[in-house]
Amino acid sequence: MHDVERGPAPAERSAVPLARDPGQSLRFADHWVPPTPVSGINVQCRLRHFAIVSYAVDPEPLRGLIPPRFRLDTVRIDGRDQALVSAVPFLNVDFGLAAYPSPTLEMAQVDYRAYVIDQHSGERAVWFLGTTLDSWTLPLPRYLWQQPWHPARTRFDCELEPGGQFYRHYRMHSASAWGSAELSLRQPVQQAPTYPGFADEETALFCLTHPLVGFYHRLRDRRLGAYRVWHDRLAVQPAELLSARFALFDRLGLVNYARQQFPHSVLVQPINDFTVYLPPTRLE
């Protein structure tokens with residue numbers, strides 16, 4: 001089997017702490033990871049209409065969905081430990097090989113994930129509850145790589161203010177038998193953003209936007225799969241939630257539809273750049 005790591009091991013990459021004490025601050029400069037050189041079928045892409053809608057949830061239902069190798073990266077809010085899950089919709093554009101000239105693809109995607117710590121490496125990571133993909137390429141990740149990706153028909157209706165920095169409106173609709181979704185946002189936010197459970201804004205943004213490895217249960221053999229990405233510090237900005245409806249979170253008993261109207265935080269960025277180190281790996 002191939003190991004998940006590409007390039008130096010996490011301990012050599014950065015001093016990522018295994019545990020974050022309440023009130024501890026984290027700085028991007030202290031944990032910056034250089035990109036691994038691209039090769040093979042590594043992919044370069046741009047994510048348009050990128051949003052992270054996060055919810056603080058009771059850890060107990062979530063623990064049953066995650067293998068013992070991982071522990072939830074919790075925050076303390078109103079005297080209780082809370083886990084964090086997020087829905088991450090985006091339109092994947094200019095998706096093509098990073099090392100060689102190639103045709104590019106465009107596809108709409110929604111990732112559903114929980115924030116965890118890999119106890120083997122101490123690295124912050126995300127656990128993928130699943131993903132919906134609107135693309136004819138779905139059989140490749142779903143059947144060849146056994147990733148928990150599911151078909152959807154996803155549409156974005158977004159308009160930026162003059163200057164292209166803030167959204168006049170942001171609407172996303174995804175029809176899927178596995179996990180439908182609707183989201184409506186607006187900017188600019190009238191009040192200063194808050195991030196309950198985090199020492200400060202930079203700590204929150206580091207934890208919410210900067211995990212560079214994701215794990216999941218493979219569809220057929222249920223073994224662990226993983227893949228790594230790289231991106232620079234994201235230039236996300238807060239947004240105001242107008243309405244949300246994520247069927248998966250409700251079905252799993254994590255966040256019902258009523259509570260989905262009150263997220264922990266909402267972050268958006270009109271476009272950013274990602275490197276995805278493919279193919280994914282199967283772990284022992």
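No hydrogens, no waters, no symmetry mates; every other heavy atom, side chains included, goes into these values.
- At a threshold of 4.0 Å, the pair Arg80-Asp58 does not count as salt-bridged, since none of the basic side-chain nitrogens sits closer than that to a carboxylate oxygen.
- Of all heavy-atom pairs between Ser54 and Leu208, the closest is OG-CD2, 3.9 Å.
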### Task
Check the pair Phe249, Val53 against side-chain contact (heavy atoms from CB on, under 4.5 Å), reporting the backbone distance first and the verdict last.
CA-CA 12 Å; Phe249 289 159; Val53 183; over 6 Å; no
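- Using modelled atom types, one side-chain atom of Asn42 and one backbone atom of Leu278 make a donor-acceptor pair closer than 3.5 Å.
- Side-chain heavy atoms closer than 4.5 Å link hydrophobic residues (I, L, V, M, F, W, Y) into clusters, and following such links, even through other members, never connects Phe166 to Val266.
- Listed for the Gln261 side chain is a donor-acceptor partner under 3.5 Å among the backbone atoms of Ala244.
- In summary, of the residues considered (Val276, Leu212, Val33, Asn272), a side chain to side chain contact (heavy atoms under 4.5 Å, CB included) with His231 occurs for Leu212 alone.
- Taken from OG in Ser180 to CZ in Arg153, the straight-line distance is 15.0 Å, to the nearest 0.5 Å.
- Summarising the geometry, atom CZ belonging to Phe70 is positioned 5.5 Å from atom CH2 belonging to Trp127; distances are rounded to the nearest 0.5 Å.
- The backbone N or O of Tyr195 lies less than 3.5 Å from no partner atom in the side chain of Glu201, so there is not a single donor-acceptor pair.
- Of the possible polar contacts, one joining the Gln269 side chain to the Ala235 backbone as a donor-acceptor pair under 3.5 Å is found.
- Considering only heavy atoms from C-beta on, Leu138 comes within 4.5 Å of Trp149 through its side chain.
- Sparse packing is recorded around CZ of Phe262, with 12 or fewer heavy atoms of other residues, nucleotides or ligands lying under 6.0 Å away.
- Considering CG of Leu234 and CD1 of Ile52, their distance stands at 6.5 Å, rounded to 0.5 Å.
- Using a 3.5 Å distance cut-off with no hydrogens or angles, the side chains of Thr137 and Ser135 do pair a donor with an acceptor.
- The closest side-chain heavy-atom distance from Phe246 to Leu183 is below 4.5 Å.
- Between the CZ atom of Arg63 and the CG atom of Leu72 there is a distance of 5.5 Å, given to the nearest 0.5 Å.
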### Query
Which is it for Trp178 and Leu248 under the side-chain contact (heavy atoms from CB on, under 4.5 Å) test, yes or no, and what are the steps along the way?
CA-CA 8 Å; Trp178 177 81; Leu248 178 69; 3.5 Å; yes
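- Aromatic rings from His210 and Trp32 are positioned such that their centres are separated by 6.0 Å or more.
- Of all non-hydrogen atoms in Pro211 and Val229, the two that sit nearest each other are O-CG2, 4.4 Å.
- A donor-acceptor distance shorter than 3.5 angstrom exists from the side chain of Gln187 to the backbone of Tyr167, with no hydrogens or angles considered.
- His120 has its side chain out of reach of Leu283: every pair of non-hydrogen atoms, C-beta onward, lies at least 4.5 Å apart.
- Residues Thr131 and His150 form no side-chain contact, since every pair of their non-hydrogen atoms from C-beta on lies 4.5 Å or further apart.
- At distances below 3.5 Å, at least one donor-acceptor pair connects side-chain atoms of Gln146 with backbone N or O atoms of Arg220.
- By the 4.0 Å N-to-carboxylate-O rule, Glu182 lies too far from Arg245 to be salt-bridged with it.
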Side-chain donor-acceptor pairs of residues 85-102 under 3.5 Å, sequence neighbours excluded:
residue : atom : partner : partner atom : Å
Ser86   : OG   : Arg113  : NE           : 3.1
Ser86   : OG   : Tyr115  : OH           : 3.3
Ser102  : OG   : Leu97   : N            : 2.9

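- A pairwise comparison of heavy atoms in Cys158 and Tyr170 identifies SG-CD1, 3.8 Å as the closest pair.
- At a threshold of 4.5 Å between side-chain heavy atoms, the hydrophobic network of Ile, Leu, Val, Met, Phe, Trp and Tyr places Leu254 and Tyr257 in two separate groups.
- Residues Val126 and Leu219 do not share a hydrophobic cluster, defined by chaining ILVMFWY side chains whose heavy atoms lie under 4.5 Å apart.
- A continuous path of Ile, Leu, Val, Met, Phe, Trp and Tyr side chains, each step under 4.5 Å between heavy atoms, connects Met107 with Ile41, placing both in one hydrophobic cluster.
- Other residues, nucleotides and ligands place more than 12 heavy atoms under 6.0 Å from the CZ atom of Arg27.
- In this structure, Phe128 has its ring center closer than 6.0 angstrom to the ring center of Tyr227.
- With contacts defined as side-chain heavy-atom distances shorter than 4.5 Å, the pair Leu62/Val57 qualifies.
- Contact annotation: the side chain of Leu241 approaches that of Leu185 to within less than 4.5 Å [non-hydrogen atoms, C-beta and beyond].
- For Arg142, the CZ atom sits in a packed shell: over 12 heavy atoms of surrounding residues, nucleotides or ligands are nearer than 6.0 Å.
- By the 30° and 60° cut-offs, the orientation of the rings of Phe198 relative to His264 is perpendicular.
- Residues Tyr216 and Pro280 are in side-chain contact: their nearest non-hydrogen atoms beyond the backbone lie under 4.5 Å apart.
- Using the six-membered ring where Trp is involved, Phe28 and Phe206 have ring planes that are perpendicular, over 60° apart on the 30 and 60° scheme.
- For the atom pair Ile271 CD1 and Arg48 CZ, the distance stands at 4.0 Å (nearest 0.5 Å).
- Side-chain atoms of Gln119 come within 3.5 Å of backbone atoms of Pro68 as a donor-acceptor pair (strictly under, hydrogens ignored).
- More than 12 heavy atoms of other residues, nucleotides or ligands lie within 6.0 Å of CZ in Arg218, so this atom counts as buried by the packing criterion.
- Within a 6.0 Å radius of CG in Asp221, other residues, nucleotides and ligands contribute more than 12 heavy atoms.
- Checked by atom type and distance alone, the side chain of Asp157 never pairs as donor or acceptor with a backbone atom of Arg171 at under 3.5 Å.
- With contacts defined as side-chain heavy-atom distances shorter than 4.5 Å, the pair Phe50/Leu267 does not qualify.
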